[in-house]
Amino acid sequence: NAGVTQTPKFRILKIGQSMTLQCTQDMNHNYMYWYRQDPGMGLKLIYYSVGAGITDKGEVPNGYNVSRSTTEDFPLRLELAAPSQTSVYFCASSQGLAGITDTQYFGPGTRLTVL
Amino acid sequence: QKEVEQNSGPLSVPEGAIASLNCTYSDRVSQSFFWYRQYSGKSPELIMSIYSNGDKEDGRFTAQLNKASQYVSLLIRDSQPSDSATYLCAVNKGEYGNKLVFGAGTILRVKS
């Protein structure tokens with residue numbers, strides 16, 4: 001199993017450009033998540049999904065969009081990139097066990113710089 | 001008040017010593033607690049999870065949970081230079097989506 005994979009690893013965008021960060025998991029997990037991590041900070045949840053066709057906002061959703069058409073894929077779309085979106089983006093997945101024992105597994109991250 | 005608070009460090013310990021990392025959380029409904037290790041430039045890696053009050057041991061790692069005090073800690077025995085990393089405390093409140101709230105992390109440095 002590759003686990004959670006993300007592409008690209010690095011990207012530099014100009015202000016106002018758009019891009020899609022790709023995330024794929026091969027663990028047949030129901031739940032998927034997008035986080036961003038700014039320097040010296042913890043991870044903040046952008047969006048999450050509990051299954052194909054179901055997505056919802058996290059703590060910091062502004063400027064981002066997501067979709068989930070399959071169990072495996074959960075792309076994150078940035079529209080009109082701004083310098084404030086410079087960050088490291090992590091995708092994660094979990095089985096979606098009810099209650100407290102659900103564990104999230106993280107992808108390798110995408111380092112995005114907006115200039 | 002932040003939902004999950006950690007001392008940012010750095011915490012410096014000599015090789016072979018016990019490293020003690022602490023985390024407090026504000027929401028009493030929090031149900032499960034996780035410690036992730038993150039090396040510089042890498043993704044978070046799960047080390048321990050704990051759900052019940054008391055201690056949970058796994059090799060050199062022990063997680064301790066006190067829900068009454070809203071406090072969770074991670075002890076690393078026989079610390080090694082390879083343990084040098086940022087340790088993130090994360091809390092699951094059991095809400096729909098099993099979302100995690102992360103602390104900012106504690107930097108641990110183990111000196112040989």
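First the proteins, then the strands, lettered A, B, ... as listed; each starts at 1. Just so it is clear, the model here is predicted, and its values are computed rather than measured.
A continuous path of ILVMFWY side-chain contacts below 4.5 Å connects A:V88 to B:F102, so both sit in one hydrophobic cluster. Following chains of ILVMFWY side-chain contacts shorter than 4.5 Å, one can reach B:Y25 starting from B:W35, so the two form part of one hydrophobic cluster. Residues A:Y64 and A:L43 do not share a hydrophobic cluster, defined by chaining ILVMFWY side chains whose heavy atoms lie under 4.5 Å apart. Residue B:Y87 is grouped with residue B:V13 when hydrophobic side chains (ILVMFWY) are merged at heavy-atom distances under 4.5 angstrom, including chains of intermediate members. B:M48 and B:L21 fall within the same hydrophobic cluster, where Ile, Leu, Val, Met, Phe, Trp and Tyr residues are linked whenever their side-chain heavy atoms come under 4.5 Å apart, directly or through other members.
Looking at heavy atoms from C-beta onward, A:L45 lies out of side-chain contact with B:L100 at the 4.5 angstrom threshold. Side-chain contact between B:Q38 and A:Q37 is present, with at least one heavy-atom pair separated by less than 4.5 Å. Under the 4.5 Å side-chain criterion, counting only non-hydrogen atoms from C-beta, A:F106 is not in contact with B:K42.
Taking every heavy atom of both residues into account, A:V50 and B:G97 meet most closely at CG1-CA, 3.8 Å. The two residues B:N98 and A:Y33 make their nearest non-hydrogen contact at O-OH, 3.6 Å. Contact record, A:T103 with B:F34: OG1-CE2, 4.0 Å, taken as the closest heavy-atom pair. A:Q104 and B:Y36 get closest at one heavy-atom pair: O-OH, 2.8 Å.
The backbone N or O of A:G107 sits less than 3.5 Å from a side-chain atom of B:S43, completing a donor-acceptor pair.
Atom NZ of B:K99 sits about 7.0 Å away from atom CG of A:D56, to the nearest 0.5 Å.
When each of A:E59, A:M41, A:K44, A:R111 is checked for heavy-atom pairs under 4.5 Å with chain B, A:M41 comes out on top.
Counting heavy atoms of neighbouring residues, nucleotides and ligands inside a 6.0 Å radius, atom OH of A:Y105 does not exceed 12 of them.
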